[in-house]
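What follows is a single structure, written as structure tokens, with notes after it.
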Protein chains: 2
Amino acid sequence: MNKAEKIVAKALEMFNERGIEYVGLRELAAELSIRVGNITYYFPTKDDLVDRLAQDLSRLNAQVILEEHPSLFSFLERFRKIFANHVQYRCLLLSFVHLMQQNKVLSGAYKETEKKRYSSIVTNLSSLQERGYLSLEVDTDFLVSVFTLTARFWISEASVSFAHLSPVEQINQYVTLLAKLLIPYATEKGRHDIRRFSASLES
Amino acid sequence: MNKAEKIVAKALEMFNERGIEYVGLRELAAELSIRVGNITYYFPTKDDLVDRLAQDLSRLNAQVILEEHPSLFSFLERFRKIFANHVQYRCLLLSFVHLMQQNKVLSGAYKETEKKRYSSIVTNLSSLQERGYLSLEVDTDFLVSVFTLTARFWISEASVSFAHLSPVEQINQYVTLLAKLLIPYATEKGRHDIRRFSASLES
DNA sequence: AGTATGTTTAGGACATTGTCCAAATCAGAT
DNA sequence: ATCTGATTTGGACAATGTCCTAAACATACT
């Protein structure tokens with residue numbers, strides 16, 4: 001692990017712990033037993049460091065998005081995995097709005113991944129319709145909106161309202177919410193998959 | 001309007017414009033043609049100023065919450081009003097997570113209003129069941145969860161994804177989302193109210 | 001009117017922040 | 001061994017929120 005990676009790793013750890021805005025570069029440097037200027041050598045600005053973390057999360061999520069989702073079960077499983085990634089990089093999602101407002105590099109990069117995610121969810125939903133998991137009259141735009149809102153902010157709400165729960169319990173709370181959301185639009189085959197998914201969370 | 005109120009008004013204006021974290025007390029003072037120390041006389045810390053804004057929003061919302069909601073239409077109308085208040089104090093909601101993490105006064109106060117809102121929504125939903133607007137088998141906890149998540153973060157998502165829309169269009173977007181959410185759980189009478197509500201947004 | 005008392009304003013000090021830079025140090029190839 | 005480029009250091013800089021003292025002001029009382 002080279003110096004840049006050590007900085008990234010410790011930064012993620014401290015940012016997750018206390019929030020990006022509340023960890024000074026001098027504290028980060030002190031934890032690494034280096035000088036501040038040494039960090040700015042690898043990452044000229046704090047935003048560059050944050051951008052790097054965002055790239056790492058983006059890569060992590062891209063793997064999950066590329067997977068096939070032949071069933072409603074695996075579609076829900078996909079969100080469980082993405083939410084697990086969110087926990088790993090929770091500092092980014094907890095500062096989501098500020099980062100988008102202030103960090104041009106990040107907000108630019110997000111626009112692209114946003115489009116990809118949107119069309120990915122649309123594709124998956126219509127695929128689930130074809131395979132007989134979802135009813136044909138479902139309002140896709142509505143479902144995508146709720147999924148997007150939840151995926152973006154579930155961890156923000158959890159940090160405020162469910163801080164007493166473990167990460168896994170928090171994840172289960174919100175994937176269950178997504179599962180329940182789909183029930184009215186699911187076929188009998190779909191509802192079976194949702195029950196199977198809910199049961200898989202128990203263990 | 002006394003000095004403290006002038007400070008509060010200008011602060012809200014600038015905070016909404018550029019974000020609480022990105023407006024310095026010196027800029028605020030300059031806009032008011034006063035000195036920094038003059039602000040800290042009325043509001044010893046920046047958090048005190050933010051707390052005041054939060055109180056104002058809380059009072060504004062409390063009025064709406066106390067209203068009766070005899071129909072599904074007025075229940076949805078309630079959220080439209082609350083969302084309009086959110087727009088007026090959007091700086092607070094855009095910094096929601098940070099404020100909750102850092103500002104003890106604010107997070108303490110929020111815990112109470114959170115409970116009130118939660119039980120208020122529960123009461124309203126069961127009342128709507130009794131009045132024949134909602135089916136009796138609805139999963140109340142699920143609905144409250146989605147409503148809460150949306151009410152907290154709709155404006156954050158709108159600021160990122162729908163910045164090109166006007167405030168009213170943004171509000172309509174998300175109250176429509178809440179309305180659509182209820183459709184599967186509504187009776188025929190309820191669906192009639194939802195259609196009426198959607199139509200009322202057009203004008 | 002003059003004085004005393006309490007409120008408001010001015011102005012600056014302080015520590016902390018992210019950023020930046022020049023010099024010192026190190027490492028590896030010639 | 002020496003030169004060259006990469007790395008590290010230590011400090012300067014402006015901006016931030018906070019704090020404090022002295023001046024200015026207003027109000028009430030003698």
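In what follows, chains carry the letters A, B, and so on, assigned in the order in which the sequence lines appear, proteins first and then strands, with residues in each chain numbered from 1.
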Provide, to the nearest angstrom, the distance between the [atom1] atom belonging to [X] and the [atom2] atom belonging to [N].
X: A/Ile39; N: D/dG10; atom1: CD1; atom2: P; answer: 14 Å
X: B/Glu21; N: C/dG18; atom1: CD; atom2: C1'; answer: 16 Å
X: B/Arg26; N: C/dG11; atom1: CZ; atom2: P; answer: 14 Å
X: B/Asp47; N: D/dT18; atom1: CG; atom2: P; answer: 7 Å
X: B/Ile7; N: C/dT8; atom1: CD1; atom2: P; answer: 11 Å
X: A/Ile34; N: C/dT25; atom1: CD1; atom2: P; answer: 19 Å
X: B/Tyr42; N: C/dA10; atom1: OH; atom2: P; answer: 10 Å
X: B/Asn2; N: D/dA26; atom1: CG; atom2: C1'; answer: 16 Å

Where the side chain of [X] is defined as all heavy atoms beyond and including C-beta, which of [options] is the nearest nucleotide?
X: B/Val36; options: D/dT7, D/dT18, C/dC20; answer: D/dT18
X: B/Arg35; options: C/dG18, C/dA10, D/dG17; answer: C/dA10
X: A/Thr45; options: C/dT8, C/dC20, D/dC19; answer: C/dC20
X: B/Leu25; options: C/dT17, D/dT18, C/dT9; answer: D/dT18

Once you apply a heavy-atom cut-off of 4.0 Å, does B/Gly24 come out as touching a base, just sugar-phosphate, or nothing?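 It contacts sugar-phosphate atoms only.
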Base, sugar-phosphate, or nothing: which does B/Glu27 touch, judged by heavy atoms less than 4.0 Å apart?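 B/Glu27: backbone/sugar contact only, no base atoms under 4.0 Å.
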Tell me whether the side-chain N/O atoms of [X] come closer than 4.0 Å to OP1 or OP2 in [N].
X: A/Asn38; N: D/dT7; value: no
X: A/Tyr22; N: C/dT17; value: no
X: B/Lys3; N: C/dT9; value: yes

Compute the ring centroids of A/Tyr133 and A/Phe73, then answer whether they are less than 6.0 Å apart.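 Centroid separation for A/Tyr133 and A/Phe73: 6.0 Å or greater.
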Find the distance between CD (A/Gln101) and CD (B/Glu21) and round it off to the nearest 0.5 Å. 8.5 Å
Side chain to side chain, [X] and [Y], heavy atoms closer than 4.5 Å:
X: A/Arg90; Y: A/Val87; answer: yes
X: B/Asn124; Y: B/Arg78; answer: yes
X: B/Glu114; Y: B/Tyr110; answer: yes

Closest nucleotide of DNA chain C for A/Pro44 versus for B/Tyr41: which of these residues is on the 5' side? B/Tyr41
